[in-house]
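The figures that follow rest on heavy atoms only: side chains count, while hydrogens, waters and symmetry mates do not. Quick note on labels: first sequence line is chain A, next is B, and so on, each numbered from 1.
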Number of protein chains: 2
Amino acid sequence: MLVEPLPDAMQQVSVHFRFIGSPDMKTPSAIPNFAPIRTQRAFEVICEQIRAQLAAGTLKTGDKLPAERELAAEFQVSRSALREALRSLEVAGIIRNVKGVKGGSFIQSAEPDRIVQAMQDYVHLGNISLDELTEARLATQDIIVRLACERASDADLAELEAIAERTRQESDVEARYECAAAYYRVLARATKNRMFGIFVDSLSAILHEFVQGPDYETLQETLIESRFKLVRHLRARDADAAAAEMRKHLERVHRHVRKTLKAQNMPAKAAKARGKAPA
Amino acid sequence: MLVEPLPDAMQQVSVHFRFIGSPDMKTPSAIPNFAPIRTQRAFEVICEQIRAQLAAGTLKTGDKLPAERELAAEFQVSRSALREALRSLEVAGIIRNVKGVKGGSFIQSAEPDRIVQAMQDYVHLGNISLDELTEARLATQDIIVRLACERASDADLAELEAIAERTRQESDVEARYECAAAYYRVLARATKNRMFGIFVDSLSAILHEFVQGPDYETLQETLIESRFKLVRHLRARDADAAAAEMRKHLERVHRHVRKTLKAQNMPAKAAKARGKAPA
DNA sequence: CCTCCTTTAATGGTCGGACCATTATAATTT
DNA sequence: AAATTATAATGGTCCGACCATTAAAGGAGG
């Protein structure tokens, strides 16, 4: 059996899963039963069970969960409650829902997108300053460059150069940003450690929100040049030089961003609105 | 008005928000209308709008969204669809739902919990190896120690010592883990950069899953001693010594974890099942 | 006037049943 | 054999209802 139904205490209609007392008891104070109160919602229990099976390895990438109606019956909850659980897992990037016959909920492979999203939310809510982001980025990239310097394959280096070259040909601002992100991503991949890729992607996405005008133009050629230089240092396996180049590069970028923000009188902590209204 | 209703194309019953053609058209191929097809679910649109208001600053921490029934009316969707959106935002840590009169959905302040959860999911799904985690941890802690060495206040240092002292008095394994996590967290806080706290918390939570038996005992005193030493180095503002101590500390821990895993014949990539069955 | 209890209404959580749009497969037709 | 048409399974949405929780209003008693 894939799932276990919710415990008996949860079986009654609309019971809110408290694990103490009885729902109908009118004078619960009669018995000095001071167990810790814990209220838990149905969808949370469901998520926990599924996550547990994930951690245990009972469920793994590619597996298909039973259909909603069926799964709801197994858990002995309504379809709505189950759907809220599935929705949670979906936005967490754990499952993917596909419609139609042979549709269902499929366990996803790991994608860093959700972590990036979570970090983005965190920054929006927590007023993380540009300075903090910048510092974290400098520190992270320093490590990455040094590791990449040891481990980058020839293919990695060639790809980096190709991206830098492509950047030069792009004229669209957004396309150039994409190139930059790709450059950083490949560099992170060259460390052969996926954790660094996560950090980089997150910081890239967040810092992108700060980039404002097309005033970037003036800096563009310098930046591209710097990327080529970095590859040369990597190829020479000169970690210190590579790290220094990256540092110079990032400082240039951030000085520029900061100046732009100031020119627009924007505090360094507020990101601009990026919500696109539905057409 | 807080929200805008969904566009006209979405108003029909159960329409799945395609922005091309008409649902009732029987021969849509008659007109060569080749606009890109985009299907979007109601809850996604709602989430986007709310996230947009967050990024724009229209919504901020502490604000209260209208009641579900009311909000559903504003968006002109069913309560179920709205609830799935709210559920998504809740598991993303953006809102908090509270019941009862004066209840509702409140915009939360930033908590790193969700990022930690996201990273945990990522590791579970992606088979990130212990080696990768360890390396990332070593690198991250190196930076943190060096920054903390510059910036830690006397209060920070005192707190670190207090935690190390408390660890010695604890006998429960889980409590000691809590102490360790707290130690790392305070250390990260001493950098005065919240981004590092996120990294640390995530790695702590994930690595905790690898810790198995109570075989930790033998190492315990050495580890605590090491924490005291680290504080002394920090107090002396000796970054290199502090970083070296931290490195030694972590390597000890990870050697031990690795050995334990091997003894249990567990691959270094699979985390043990931690799902607690409901009582 | 103040305190304690009861009532009330607003709100999130859950339920169950319904219909629609999508999609892969089976059945049918050409 | 190929193309077309039903069929059934599945996720997405809607509706209306009831329950549990909770803060505030109202009332009883001092």
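Distance, E70(A) CD to dA8(D) P: 18 Å, rounded to whole Å. When the P atom of dG12(D) is taken as reference, atom CZ of R79(B) falls 20 Å away, rounded to whole Å. With rounding to whole Å, F43(A) atom CZ is found 14 Å from dG12(C) atom P. Atom-to-atom, CG of L89(A) to C1' of dG11(D) comes out at 15 Å; the value is rounded to the nearest Å. For the pair N97(A) CG and dT10(D) P, the interatomic distance rounds to 13 Å; values are reported in whole Å. What separates CG of L82(A) from C1' of dG16(C) is a distance of 14 Å, to the nearest Å. The distance between atom CZ of R83(A) and atom P of dG17(C), rounded to the nearest whole Å, is 17 Å. Rounding to whole angstrom units, CD of residue E90(A) and P of dG11(D) are separated by 11 Å.
With the nearest nucleotide of DNA chain C identified for both A81(A) and V101(A), A81(A) has the one nearer the 5' end. Mapping V98(B) and E68(A) onto DNA chain D by nearest heavy atom places E68(A) at the nucleotide closer to the 5' end.
When distances run from any side-chain atom of K102(A) to the nucleotides dT14(C), dG11(D), dA24(C), the shortest one goes to dA24(C). The side chain of K99(B) lies closest to dG13(C), out of dT13(D), dG13(C), dC14(D). Side-chain proximity of S80(B) to dC14(D), dC15(C), dT11(C): nearest is dC14(D).
Below the 3.5 angstrom threshold, one finds a donor paired with an acceptor across the side chain of R69(B) and the base of dG12(C).
N193(B) and E132(A) make their closest contact through ND2-O, 2.9 Å (heavy atoms, listed as atom of the first residue, atom of the second, distance). Residues R51(A) and A92(A) come closest through the heavy atom pair NH2-CB, 3.7 Å.
R87(A) comes within 4.0 angstrom of the backbone, heavy atoms only, and of no base.
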Please list, one pair per line, the donor and acceptor atoms closer than 3.5 Å that link side chains of residues 105-119 of chain A to other protein atoms, with sequence neighbours excluded.
residue : atom : partner : partner atom : Å
R114(A) : NH1  : V91(A)  : O            : 3.4
Q117(A) : NE2  : D121(A) : OD1          : 3.4

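A cation-pi arrangement is present between R137(A) and Y184(A), with the terminal nitrogen or guanidinium carbon under 6.0 Å from the aromatic centre and inside a 45° cone about the axis.
Using a 4.0 Å cut-off between charged nitrogen and carboxylate oxygen, E84(A) and R87(A) do not count as a salt-bridge pair.
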